[in-house]
Amino acid sequence: MPKGQSPRNRMNARYSLLSKQLESMPEDYSMVTKLRRKVKEFLGTSDGQMVTSVKRENLLKKVKKMESTVSEKFRSQRNISEEQNGG
C-alpha cells in the first residue's frame, strides 16, 4: 500500500484484499469431502460440517476482527456525536 494514505483508505484496501482472498479460497479443500457433502445435500441428510484449511480460518478471523474494530469505532463516534448534539 502506498504511503501517505489515510488510515481509513488503508483499512478499506486491506479489507477488500482479505475479502478477495477469502472468496478465491475454497471452503473445503478435499474433493472427496466436497463430493460427499454434495451427495448428503442432495439426499437431505447434510451434517453441516465442513473441512476447512487453517489459512481460510485465519483469514476469517482477520476479517471478523477488522469488522468488529470498525463497528466499535462507529459506535463510539456515534455516541460522541449524540452527546455533542444533546441527544
Inset, instruction - Pick out which of Thr69, Val63, Val70 makes a side chain to side chain contact (heavy atoms under 4.5 Å, CB included) with Glu67. - result: Val63
Inset, instruction - Would you please name every residue forming a side chain to side chain contact (heavy atoms under 4.5 Å, CB included) with Leu17, sequence neighbours left out? - result: Arg14, Gln21
Legend entry - side chain to side chain contact (heavy atoms under 4.5 Å, CB included) partners of Ser19, counting only residues at least two apart: Tyr15
Inset, instruction - Could you tell me which non-hydrogen atom of Arg56 sits nearest to which non-hydrogen atom of Leu22, and how far apart they are? - result: NH1-O, 3.1 Å
